[in-house]
Amino acid sequence: MRIRKIITGIFMLTLSIGLSGCVSVAAWERGNLAKPQMALDPHPLQSTVRMHNYGSREAAASTHSAEGGGGCGCY
């Protein structure tokens with residue numbers, strides 16, 4: 001019985017912490033969030049090409065590519 005109360009308390013605490021992250025954003029604030037400066041990666045295509053080129057030059061597989069490269073690492 002005591003363990004059930006503890007598990008229920010932990011569940012309710014986790015649920016309240018998880019739901020506190022849900023916030024409604026006002027219409028005039030959405031414009032600020034949509035700016036390019038707010039993006040995690042402002043240039044996703046350029047970053048993808050750079051990581052592809054880097055992975056092709058390196059001899060070992062990186063976290064961004066499944067295949068290993070065969071280059072000398074030269075530019």
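Fair warning: this is a prediction, and the values are worked out from it, not measured in the lab.
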Quiz item: Apart from Leu13 itself, what residues make up its hydrophobic cluster, given side-chain heavy atom links below 4.5 Å?
Solution: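 Grouped by the 4.5 Å side-chain rule, Ile17 form the rest of the cluster around Leu13.
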Exercise. List, by chain and number, the other hydrophobic cluster members for Ile6, where Ile, Leu, Val, Met, Phe, Trp and Tyr join if side-chain heavy atoms come within less than 4.5 Å, directly or indirectly.
Key: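 Besides Ile6, the hydrophobic cluster comprises Ile10, listed by chain and residue number.
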Quiz item: Of all residues at least two apart in sequence or in a different chain, which pass the side chain to side chain contact (heavy atoms under 4.5 Å, CB included) check with Leu19?
Solution: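 Residues passing side chain to side chain contact (heavy atoms under 4.5 Å, CB included) with Leu19: Leu15.
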Self-check item: Where at least one partner belongs to residues 24-39, residue pairs that pass side-chain hydrogen bond (donor to acceptor under 3.5 Å, both in side chains), sequence neighbours excluded
Solution: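 As it turns out, there is no side-chain hydrogen bond (donor to acceptor under 3.5 Å, both in side chains) pair with a partner in residues 24-39 once direct neighbours are skipped.
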Self-check item: Any pair counted as side-chain hydrogen bond (donor to acceptor under 3.5 Å, both in side chains), so long as it reaches residues 7-16, sequence neighbours left out
Solution: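 side-chain hydrogen bond (donor to acceptor under 3.5 Å, both in side chains) check on residues 7-16 returns no pairs.
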Quiz prompt | Crowding at CD1, Ile3 (>12 non-hydrogen neighbours, <6.0 Å) | solution =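 Not buried by this count: 12 neighbours or fewer within 6.0 Å.
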Contacts under 3.5 angstrom, residues 44-51 side chains, donor-acceptor by atom type, not counting sequence neighbours:
unit_1	atom_1	unit_2	atom_2	d
Ser47	OG	Asp41	OD1	3.1
Ser47	OG	Asp41	OD2	3.2
Ser47	OG	His43	O	3.0
Thr48	OG1	Pro44	O	2.8

